[in-house]
Structure formats: C-alpha cells, structure tokens
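Given the structure is predicted, the values throughout are model-derived calculations rather than measurements. Worth knowing before you read on, the calculation uses all heavy atoms, side chains too, and leaves out hydrogens, waters and symmetry mates.
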Amino acid sequence: MKNFTAKLAISAVIGAGVALSGAFADAAPKRGGTLNYVVGSKIPSYDGHKETTFGMIHPIRPFYSTLIRVNPDNPADPSDFVCDVCEGDVPKGEEGGTKFTFKIRKDVKFHDGTQMTAHDVKATMDKIIFPPKGIPSARKAFFKAVESVNVDNDYQLTMKLKFPTGSFIPALALPFNFIYAKKDLDAHGYTWHTKNINGTGPFKFVQHQKGSFVEGVRNPTYHHKGRPYLDGIKAISAPKLAVRVNAIRGDRAAIEFRGFPPKHRDDLVKALGKKITVQESDWNCVLMATPNHKRKPFDDVRVRKALTLAIDRWGGSKYLSRIAIVKTVGGVVYPQHSFAANESELLKLAGYSKDIKASRAEAMKLLKDAGAVGKTIDFSNRGVDQPYKIVGTWLIDQWKKVGFKVKQRVQPSPQFYATLRKKKDFDVSIDFNCQSVINPIADITKFLTSAGNNYSQGGDAKADALYEKLLRSGDAKEQRALIRQYEKRVLDDASVAFITLWWYKINPHRSYVKGWKIAPSHYLNQHLDNVWLDK
Amino acid sequence: MSKYIAKRLLMMIPTLIGSAIFVFFLLRLIPGDVCELRLAGTGLYADPAEIALCQKNLGLDQPLFVQFLDFLWGYVVFDLGDSMWTGFPVVHEISIRFELSLQVAIMATAVAIMIAIPLGIISAVKQDTWIDYIVRAFSIAGIAMPSFWLGILIILGMLIITQAMWGEPWMPPIDYVPIWEDPVRNLSQLIWPAVATGYRYSAVATRMTRSALLEVLREDYVRTARAKGLMEKVIINRHALKNALLPVVTIIAIEFAFLMGGLVVTEQVFNLNGLGKLFVESVGAQDFNMTQQLVKLVVVIFIFTNLFVDIFYAWLDPRIRYS
Amino acid sequence: MLNTSEIEVESDFEELSEKRPFFQVFFELIRKQPLGAAGGGIVVLMILMAIFAELLTVFDPELNSLEHMLMPPDDTFWLGTDQFGRDLLTRIIYGARTALLVGFTCAIVGATLGLVLGVASAYFGGMFDLIVQRIVDVVMAFPLIILALAVVATLGPGTQNVIIAITIPFVPQCARVVRSNALAIREIPYVDAARALGFSDMRIILRHMVPNVMAPYLIMLTSFLGQAILLEASLSYLGMGVQEPTPAWGLMLQGGAEEFAESAPWVAIWPGIAISLAVFGFNLFGDSVRDTLDPKLRSR
C-alpha cells in the first residue's frame with residue numbers, strides 16, 4: 001500500500017481506459033449476452049409517473065419508451081434531444097413557441113403485441129399532466145404551461161402551451177414519462193401500472209424477485225431497428241456500496257449506473273487493469289449548506305456570510321475528491337453549462353477566494369461584529385455516507401476553524417426530511433439539489449423566497465426580482481449576466497443558502513460493456529438499447 | 001400436559017397483542033413518512049397536494065386508532081395488507097425472503113451444532129487444561145468480532161485469493177436462487193454467511209454443552225459408571241451426553257428463532273435478500289405496514305419456537321411438573 | 001426477644017448468600033480462571049486508556065488535517081491516519097471512552113433496572129408480576145438488533161440515544177433471570193417469617209432478596225458489557241450509531257472499513273481489532289465471573 005508508483009500506474013490506466021472506450025465506441029456492436037448491473041436503491045412501484053427515485057429508473061426504464069429522450073450517443077450535451085417514439089427531429093415550437101406537433105412512428109408495438117398510436121401518447125401525457133382526482137403524478141408541476149394534448153390522427157399529436165417556455169422540451173425528455181397503452185389505462189385503471197408492466201421499450205419484463213432482482217429479455221419488435229443488442233438485462237439490488245463494488249470486481253455485475261467514490265475506482269483499476277473502463281463526468285447534483293433564517297443568530301446576514309467564508313472550497317475539492325463523490329467548485333449553475341460562472345467569476349464570491357486565511361479572518365470579524373463568536377451550530381445531516389456524511393464531517397471542521405462549535409445530528413432519510421421540511425428545528429442543514437435533465441433556469445429556483453424546496457425559511461427580494469427578469473429574458477447573454485447577479489445575491493450579499501461542492505460521477509465498469517455513455521445525471525440514458533457486450 | 005399447553009397458548013395472547021401495540025405506536029413516533037420520502041427524495045420541489053394525496057391513498061390521514069383497528073382487523077380477516085412502498089401484498093413480499101432466511105437459519109444452526117457439540121465435549125473433558133482454554137478462547141473470539149467486519153474481510157479475501165490463484169477474482173453470487181432450482185449456485189451463495197453466522201452462534205452453545213456436561217459428569221450415576229470401570233468414552237457417549245444435551249437443544253432452538261429475523265447485519269454484508277434486510281429497508285422507507293407485519297412474524301416465530309421447546313422439554317424430562 | 005429472632009433470621013440469610021470479601025473472589029478468579037484474568041487485564045488496559053487519553057497522545061481526535069489524509073503507519077502516525085487526516089491511534093484511544101461509556105452505562109443501567117423489576121415482580125407476585133412478565137415477554141420476543149434499530153429510528157442516532165436503545169432490550173433479559181432466582185428465595189419460609197416480624201417490604205427486599213440474586217445479576221451485567229459494544233458497532237454499520245466527529249470504534253469502521261479496506265487497510269483493521277479485543281476481554285471476563293459465581297446457573 002505504501003507503493004506510490006502503484007498510484008501512478010492507476011492514473012495511467014484510467015487515462016488509457018477512457019481513451020480505449022472512446023476508440024472502441026464506433027466498432028460494430030456485437031449481439032447477445034445478458035447485462036448484469038447492480039442498483040443501490042430499492043424499487044418502489046413500477047409506475048414512472050408516480051415515482052422519483054433512480055431505484056425505479058435503473059431496473060424499469062428499459063421496459064418503456066418516452067416521446068423524446070436525451071440523445072443516447074451524446075448524453076453529455078444538456079440540449080441534445082432526439083425522438084424516441086416520435087418521427088424525425090424533435091419539433092420546434094410553432095405559433096410563437098406555443099404549439100408542438102409530433103409525428104408518431106408507425107412501427108411501435110407494446111409488448112403484448114398491440115400497436116402503439118397517438119392515442120396512447122395522449123392518454124399517457126394526460127395522465128401525467130392532468131391526472132384524474134386521486135391519481136398521483138410527481139412531475140405535474142413541470143408541465144404547468146401545457147394547455148392541451150390533442151390527437152390529430154392515429155399517428156400525429158399536437159401539444160398546446162398557454163405560454164412559451166424553454167423548459168417544455170427538457171421536461172418532455174424526462175426519463176419518467178413512460179408511455180402506457182390507453183387500453184390498459186381504460187381497462188385496468190390508473191393504478192394498474194404500479195404493479196404491472198406493458199411498455200414499448202427495448203426489453204420485455206420477465207420477472208421481479210422482490211428485493212433481489214428484475215429480469216428483462218430482448219424485445220424483438222423494438223422500433224429502433226437492430227436494437228437492442230443485448231439478449232437480456234438483469235438489475236440486481238445491492239444496497240451496500242461495498243457489495244456493488246465487489247460485484248463488479250468478481251464479475252457478478254458488469255456495471256453500476258449511479259457512481260462510485262474515487263477510492264473504489266482505484267481499487268478496481270488496480271485489481272483488474274484493462275478489464276475495467278472508467279467513465280467520469282460532472283454530475284447535475286450539488287450539496288448545499290442551508291442556514292435557518294428563522295433561528296438566532298442565523299437571522300443575521302453577517303453570521304450566515306461567516307458560514308460560507310469559513311469554507312475552503314478549493315482545498316476541499318482537492319482532498320475530498322479523493323475520498324468522496326464530490327469534486328467541482330461551482331456556483332448555482334451546473335458547472336459544465338454555458339450559464340455557469342467561470343473561475344474568475346467564482347473567485348469574487350464570498351467563500352470562493354483562494355486565500356482561505358483572509359476569508360476566515362473576515363468571517364471572524366463578522367462574527368465579532370454580530371456578537372456570535374463561539375456559537376454552537378445545531379447541524380442536521382442525512383444518514384447517507386456518500387457524499388453527505390463525508391462532506392458533513394468536513395464542514396464541521398471548517399466551521400470549527402472560525403470558532404463555531406458544531407453539534408451534528410445525522411438522521412436516516414425520512415427523519416432528515418421531516419426535520420428539513422416540517423420541524424425546521426435546525427440551525428444549518430445539509431441540503432441538496434439533484435436534477436435529471438439540465439435546465440439552469442428551472443434548477444436555480446431553490447433560492448427563491450417562494451420556492452417550495454427553499455428550506456432556509458428566508459430569501460432575498462432583490463434576487464426574486466432578478467429571477468422574474470430572467471424568466472422574461474429571451475437572450476442567452478442577458479440571461480447569463482442576470483444569473484451572475486442572482487448568484488452574487490443568494491450566495492454572497494444576502495447569503496440565502498450555500499453551494500458546497502458539486503458532485504462528480506465516476507462509473508468504473510467491466511471493459512466488455514460497450515455503447516453506454518456516461519450522462520451528467522444518473523437518471524439519464526438508462527434505456528440500454530444501445531449497450532452491447534464485447535465478449 | 002394438555003392443560004399446560006392450553007395455559008401456554010393462552011399466555012401467548014397478551015404477548016401477541018402487546019407486541020402489536022408496541023410496534024404500531026413505536027413506528028408512528030418516528031418522524032417523517034413514506035410519502036415525503038417518495039416525492040421529495042430527489043430534493044425536488046414536492047407539491048404538498050401530491051403528498052397529501054399519497055397519504056390519503058395509503059390511509060395515513062386517518063386518526064391513529066382507526067389505523068390501529070384496521071391493522072388488528074387484518075388479522076381477523078387474514079388480510080395482512082400491502083406494502084406502503086411497493087404496493088404489493090405483504091405476504092407476497094415476505095414469502096421469498098422467508099424462504100432464504102429459513103435456509104440460512106437452518107444451515108447456520110447446523111454449522112453451530114457441528115462446532116459447538118464437539119468443542120463443548122472436548123472442553124468439558126479436558127476441563128482447566130490448555131486445550132480447554134484454547135477451545136474457549138476460539139469460541140469467544142467468534143462472538144467478539146463485529147460480524148460485518150468479518151464479512152467484509154471474508155469477501156475481500158476471497159476476491160484477492162481467487163484472483164491470485166486463477167487470475168480472475170471470484171465472489172459468491174449476489175442474487176438468490178432457490179435450492180431446488182440450482183443447488184450449486186444456491187449453496188455457493190449461502191454457505192459463507194451460514195458458516196460466519198454459525199461460528200458466531202456456536203459460542204453460547206459451546207459454553208452450554210461444556211457446563212451441562214461438567215454438571216452431569218459430577219452426578220452419581222456417572223460416578224457409578226466410572227466405578228464399574230467403564231471406559232471414559234463410553235461413559236460420555238452413552239450416559240452423560242444424552243442428559244447434558246437437553247439444555248443445549250433449548251438454547252439452539254431459541255437461537256434459531258432469532259436467526260430467522262435477526263441477521264440484519266450479515267444480510268447486508270453478503271447481500272442476502274432475507275427478512276433482516278427487508279426490515280432495515282422497510283424501516284428506512286417508513287413502510288409502516290410492512291415493518292409491522294414483519295415484526296409480528298418474527299415475534300410469532302419466536303414465541304412458537306419457545307412453546308415447542310418448552311413442551312419438548314416437559315415431555316422429555318418427567319421431573320419437570322407444570323401446574 | 002424480638003431482637004434475637006431478627007438476628008437469627010438474618011444470620012441464616014448470611015449463610016445462604018455466601019458472602020465473601022471481594023478480593024478473595026478476585027484472587028480465586030486469577031488462580032482458577034486464567035482466561036478470565038486475561039480478559040480482566042484487557043478491560044483494565046482499556047479503562048486506563050480511556051482515563052489517560054490526553055496523556056497518551058499529542059493529536060486532537062476530532063480536528064481534520066486533510067493534507068495528511070490516509071497516511072500509512074509511520075513514525076509520526078503509529079497506526080496511520082484516516083480519510084480526514086486524523087491520527088488513528090488517537091481516535092482509538094479516545095474511542096475507548098465511547099466504548100466504555102456505552103458498554104458500562106448500558107450494562108449497569110440495564111442490569112440494575114432488570115434487578116429491580118425482577119425482584120419486585122417476584123416479591124409482590126400476583127397481578128403486578130403477571131403484568132410485568134407479559135411486558136417482559138413482549139420485549140424479549142424481538143431480536144436484540146431489531147429492537148435497538150426501532151428505538152434508534154424513533155429517537156434519532158447519537159451517543160445518548162444509542163445508549164437508550166441498547167439498554168431497553170437488556171432490562172427484561174435481566175429481569176427474567178433475576179425473577180426466577182428471586183422466586184426461589186421468596187418460597188423460603190424465612191421471608192414469611194421476616195414479614196410476620198413486621199419488617200417493611202423495602203427492608204426485606206434490600207436486605208434479604210437482593211443480596212441473594214447478586215450472582216445472576218453480576219453474570220447478566222458482565223455479559224451485557226461485550227454485547228453493548230458489539231451492538232453499538234452494528235448500529236453504526238447500519239448508519240444509526242454514534243455520529244461524527246465523536247471518536248468511536250464502530251463509527252470508525254463504518255466510515256472506513258468498506259471503502260478503504262483495500263487501498264488503506266489500516267483504516268479498516270485497527271478499529272476492528274480494537275472492538276474484537278475489547279469484546280473478547282469482556283466476554284472472557286464475564287464467562288469466568290459466571291463460572292466462579294454459579295456453575296449451575298442456566299440462563300439464556
């Protein structure tokens with residue numbers, strides 16, 4: 001273990017691995033084989049419209065199609081959407097961006113053999129957007145702009161919006177919008193899909209051994225011709241991280257789609273060398289530290305600002321990226337998006353300076369002025385190791401360095417949410433923002449005073465006004481500038497809530513898995529029709 | 001005897017009702033609920049109306065006593081309800097896990113017996129010699145190691161050793177196949193946790209074998225046998241062991257009951273889809289109904305095992321008289 | 001007249017309880033129970049470590065120094081450092097405090113409450129006994145870890161709540177054993193005699209019944225010590241135990257064992273050894289106490 005040359009070798013192999021996967025990506029896909037993959041979360045119901053967890057997406061998504069999807073061959077691009085069951089290109093809005101016409105493919109069949117038509121798409125979209133009373137729909141709010149969904153003929157569909165919005169197409173591409181058959185909804189009701197599967201996806205459902213695995217087999221009538229390449233898939237449940245890593249090492253599974261910490265990547269590469277390929281990407285998830293504006297002394301902006309000034313983000317990035325799934329220093333926008341702050345813009349924000357000593361001196365001065373030196377923070381954290389508890393331990397230490405005392409309360413997810421959302425009896429809480437399709441203007445709403453998921457119980461009127469302006473702006477350059485002002489308000493001047501570090505997605509997998517490309521979200525690119533095995 | 005059994009059966013009723021009340025209200029004291037977890041789990045904005053709807057659909061908006069009566073009524077009509085997380089019937093969710101847990105419990109018990117009885121005998125026969133000390137230290141060491149730590153080291157060791165030997169690392173399967181479908185695969189998954197658990201659970205049984213045997217060896221009839229000049233081996237096998245095993249059987253049976261639901265940590269380490277893992281997941285998802293029924297199942301297994309052990313005991317040992 | 005009979009009654013109890021000075025028991029233990037003595041030695045070492053933690057190490061157990069993260073054992077960090085650059089030896093030494101705090105608090109409180117409940121239940125009998133025993137039945141029907149998990153889920157993780165969660169299942173276990181022993185004492189006519197002589201319930205319980213159930217009480221208590229430490233580690237593994245940055249062995253394993261078992265094995269090995277050794281010591285010691293006090297005692 002003391003062998004440092006081994007570490008060099010590891011990094012060399014990782015580089016080679018990334019290069020290799022690129023080189024082979026265009027080779028002719030081979031057919032056959034079953035892809036085993038591990039899933040670290042439990043499956044709730046099978047109903048995509050109702051659920052929000054990747055524990056449902058990873059095993060169930062391959063059985064379904066959506067109207068449009070993120071380009072499976074270019075998932076890193078946040079604006080590259082392609083048709084799935086529609087035909088041709090993704091439509092551009094007509095009538096000032098309020099009307100979208102979709103031509104539906106004529107070769108799409110449900111797994112029970114029936115033909116899929118525009119009526120099925122309409123029934124699905126109606127269920128998502130206008131669910132009948134008593135039927136849950138988790139992402140109804142994403143489609144607030146939609147006025148109606150109309151069938152023009154069996155293979156054409158029109159969607160009308162009340163007002164133009166850039167968030168409509170990304171919302172359509174959400175991987176949760178499974179297309180259901182109208183006849184299933186009519187015959188069996190709107191809850192049938194929680195326990196039954198009849199989709200048009202690349203794989204047909206075979207069996208689900210409760211708590212253990214879900215098995216699927218190749219759909220021979222899949223509409224993307226020649227696909228899928230695999231004969232079958234098997235999603236195996238493994239809640240413990242160590243089991244998932246070992247499963248790949250012992251070849252019980254070929255891949256895990258969420259992400260591993262860096263040390264596990266190194267272990268795998270070291271043990272298996274070229275048999276492991278590593279794909280890495282920035283992740284559209286960020287950990288936040290949210291102060292409670294209703295609790296003294298955090299009602300004082302100086303104290304809140306001291307919290308962010310104490311955090312050495314650049315140093316944290318350097319070291320935490322070796323042990324946790326966080327890495328990138330960033331502002332309110334996903335770091336790889338053109339709307340994100342660049343380094344020189346970041347450096348101007350409180351707590352982003354590279355001179356941590358000066359920042360902490362400023363923090364201590366602010367605390368002294370506010371009369372809050374040596375105050376104890378009741379810090380609420382979520383009982384999940386990666387990355388919550390690791391970042392939490394780091395934050396505690398950072399705050400101690402400006403004289404705070406910290407009492408950490410780590411709770412399992414349900415209790416953590418209750419504290420965050422209902423009881424609100426924390427001084428500072430870990431908070432997070434984890435999105436699937438990247439959509440900066442929608443993603444930064446978490447800081448607005450009125451936002452339902454702004455748990456700081458505070459906000460900033462100036463930032464709210466800036467956001468209103470941003471919504472009505474049509475110019476990308478102006479949008480970017482407005483986001484900078486907004487960012488300065490919420491992270492610095494008003495110190496509403498803080499970004500700590502952005503997540504970093506690392507997917508080491510068996511090198512024989514080909515065709516799968518990493519996306520900036522673990523929700524995206526999970527239909528697996530383009531994956532093949534080089535065995 | 002039948003009067004005794006009837007009395008024992010009657011005494012089970014308060015235990016069953018008490019545990020139902022206990023688990024029902026304990027769970028409801030835990031803050032948070034399954035709907036918040038389901039809808040706000042990704043940090044997204046969750047519509048309060050959606051959360052309320054979800055709660056209504058699951059009956060969580062009902063007053064507590066209504067929920068409780070509903071829960072009790074389920075036993076009357078033999079309907080254990082559905083999991084609040086997956087929506088599938090509880091019976092359906094539990095059955096596959098029950099099968100696995102039962103098999104692991106049986107295998108682990110077998111391992112424990114195979115370790116405990118010979119070691120206990122050796123330790124008793126060689127009382128207060130270095131052999132006795134080694135045996136006891138070995139058996140206590142098993143219970144001293146945190147089971148998850150041992151499990152992690154076992155799996156890692158397997159991966160490293162098999163790669164060194166055959167070039168490709170090997171680990172036990174991580175998904176379950178029933179033994180009648182594929183016995184080799186089934187056993188190659190379950191043998192490791194069974195051995196690890198069996199070793200742990202042998203500690204108490206080894207101790208019991210030793211002390212019970214020591215006690216019996218001091219009894220008059222053994223002394224008589226010795227005086228008759230019988231060989232030590234014969235004495236132990238024919239006379240002493242039979243009587244000494246009674247308390248050992250008791251302890252093994254009770255441990256068996258706990259193995260059915262209590263392998264919470266081991267199941268995590270070896271990725272076994274058993275009752276313990278289901279319990280952890282259900283508590284983690286605030287799946288009240290699932291947790292309640294699971295706990296009831298474990299309690300029922302426990303009190304019935306106890307009942308059978310006591311009846312067996314009473315039947316075997318006529319000296320025990322119950323009023 | 002009354003006085004002499006009182007003395008007689010009490011002297012009979014003295015005989016029954018076989019009181020011996022503590023040091024005598026202690027030396028007998030070393031002579032007859034070398035394993036127990038070894039266990040006791042480990043426990044004493046642990047206690048010393050906990051008391052003199054500040055003197056034994058120069059590092060802070062909680063302060064991060066990320067530039068030293070995951071250093072292998074060397075001259076400065078004798079056992080290496082963890083993922084936050086904290087000295088492992090320091091955390092193990094301070095961790096003994098947490099382990100002893102959890103172990104002794106749970107064992108002593110659990111066993112003592114069990115003693116009170118068991119003796120009271122045996123002495124008063126009747127409805128009180130019936131109700132207490134049904135409650136004991138209920139609690140004992142749950143596997144230890146499941147009960148502890150449920151309690152911690154209700155109260156929330158953290159050292160204090162972990163102690164409560166581990167203590168609760170201990171109480172009925174001890175109560176059950178103490179009660180069955182106390183019942184035997186209760187049946188002896190002396191107790192009735194003492195009552196007839198007008199002694200208060202409290203006095204009879206404290207002077208006559210409690211001393212006679214000390215053996216099972218001590219046996220249960222010592223067996224709880226190791227169990228409590230192991231349970232704490234298991235709860236930590238499931239993410240429901242003691243929380244960062246408190247130095248605690250189970251927590252050190254939970255955060256480090258899985259992730260660094262291979263790339264930085266020292267993070268995973270030392271806390272595991274610390275736990276195993278401590279529990280080993282407590283169990284060896286407990287076993288010997290059991291053998292010394294009552295070789296015939298049968299309890300679960």
Side-chain angles (χ1 to χ4, degrees), chain B residues 11-12 14-16 18-19 21-23 26-27 29-31 128 132-133 136-137 140-141 143-150 152-153 156 160 203-204 207-208 211-212 214-215 247 250-251 254 257-265 268-269 276 279-280 283-284 291 295 298-300 302-303 306, chain C residues 32-35 38-39 130-131 133-135 137-146 149-151 153-156 226-227 229-230 233-234 236-239 249-250 253-254 257-258 261-262 265 268-269 271-273 275-284 287 290-291 295-298 300:
Chain B
M11 270 164 64
M12 275 162 46
T15 313
L16 284 171
S19 61
I21 296 173
F22 181 73
V23 70
L26 187 69
L27 281 175
L29 287 176
I30 306 176
D128 292 334
D132 179 26
Y133 297 148
R136 285 162 70 194
I140 290 175
I143 213 164
M145 279 183 275
S147 52
F148 63 93
W149 186 64
L150 189 63
I152 291 165
L153 294 185
L156 194 61
I160 292 171
V204 182
R207 204 204 131 73
M208 187 52 85
S211 55
L214 280 178
E215 204 179 305
T250 316
I251 209 126
I254 290 165
F258 278 131
L259 283 178
M260 282 299 293
L263 284 185
V264 170
V265 170
Q268 296 277 327
V269 174
F279 175 79
V280 172
V283 169
T291 316
V295 167
V298 173
V299 169
V300 166
F302 176 79
I303 58 180
N306 258 313
Chain C
K32 282 194 180 166
Q33 306 278 356
L35 280 181
L130 194 72
I131 293 171
Q133 288 315 306
R134 294 295 77 74
I135 295 173
D137 274 346
V138 169
V139 181
M140 281 182 73
F142 295 94
L144 216 59
I145 181 83
I146 291 212
L149 260 181
V151 174
T154 313
L155 300 173
Q227 281 188 55
I229 293 178
L230 269 185
S234 294
S236 285
Y237 176 72
L238 297 168
W249 298 339
L253 264 193
Q254 187 269 328
E258 296 199 310
E262 195 170 11
I269 300 280
I273 290 179
I275 294 176
S276 307
L277 216 58
V279 178
F280 188 65
F282 276 128
N283 283 351
L284 281 182
D287 261 20
R290 182 184 289 233
D291 283 357
K296 281 189 187 167
L297 188 101
R298 277 181 202 154
R300 293 201 293 107

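Of the listed residues Leu214(B), Leu29(B), Ile140(B), the one with more heavy-atom pairs under 4.5 angstrom with chain C than any other is Ile140(B). Top candidate by heavy-atom pairs under 4.5 Å with chain C, chosen from Ile143(B), Asp128(B), Leu27(B), Ile303(B), is Ile143(B). Most heavy-atom pairs under 4.5 Å with chain B: of the set Val279(C), Asp137(C), Ile146(C), this distinction falls to Ile146(C).
Closest approach of Ala141(C) and Phe302(B) over heavy atoms only: CA-CD2, 3.3 Å. The shortest non-hydrogen separation linking Val138(C) to Pro14(B) is CG2-O, 4.3 Å.
Neither the backbone nor the side chain of Met12(B) comes within contact range of chain C; no heavy atom of the residue lies under 4.5 Å from a heavy atom of that chain. Heavy atoms closer than 4.5 Å to chain B are found in the side chain of Leu230(C), but not in its backbone. Using a 4.5 Å cut-off between heavy atoms, Leu26(B) contacts chain C through both its backbone and its side chain. Of the two parts of Phe279(B), only the side chain, counted from C-beta on, holds a non-hydrogen atom closer than 4.5 Å to a non-hydrogen atom of chain C. In this structure, chain B has heavy atoms under 4.5 Å from both the backbone and the side chain of Ile273(C). For Leu16(B), no part lies near chain C; criterion is any non-hydrogen pair under 4.5 Å. For Val300(B), no part sits under 4.5 Å from any heavy atom of chain C, backbone or side chain. Only the side chain of Val283(B) comes within contact range of chain C, with heavy atoms under 4.5 Å apart. For chain B, the nearby parts of Ile275(C) are the backbone and the side chain; heavy atoms of each come within less than 4.5 Å. Of the atoms belonging to Val280(B), it is side-chain heavy atoms, and not backbone ones, that fall under 4.5 Å from chain C.
Between Phe22(B) and Phe142(C), the ring-plane angle classifies as tilted under the 30° and 60° cut-offs.
For the atom pair CE (Met140(C)) and CG (Asn306(B)), the distance works out to 8.0 Å, reported to the nearest 0.5 Å. Taken to the nearest 0.5 Å, the CD1 atom of Ile30(B) stands 9.5 Å off from the CG atom of Leu155(C). In this structure, the separation between CZ on Arg207(B) and CG on Asn283(C) is 10.0 Å, given to the nearest 0.5 Å.
A salt bridge does not link Arg136(B) to Asp287(C): none of the charged nitrogens lies less than 4.0 Å from a carboxylate oxygen.
Residues Arg134(C) and Met11(B) meet the side-chain proximity criterion, which asks for heavy atoms closer than 4.5 Å. The shortest distance between side-chain heavy atoms of Leu253(C) and Phe148(B) falls below 4.5 Å. Two residues are said to be in side-chain contact when any heavy atoms from C-beta on lie closer than 4.5 Å; Pro143(C) and Val298(B) meet this criterion. Using a 4.5 Å cut-off on side-chain heavy atoms (C-beta onward), Tyr237(C) and Pro146(B) make no contact.
Here the side chain of Trp149(B) pairs no donor or acceptor atom with the backbone of Gly250(C) at under 3.5 angstrom.
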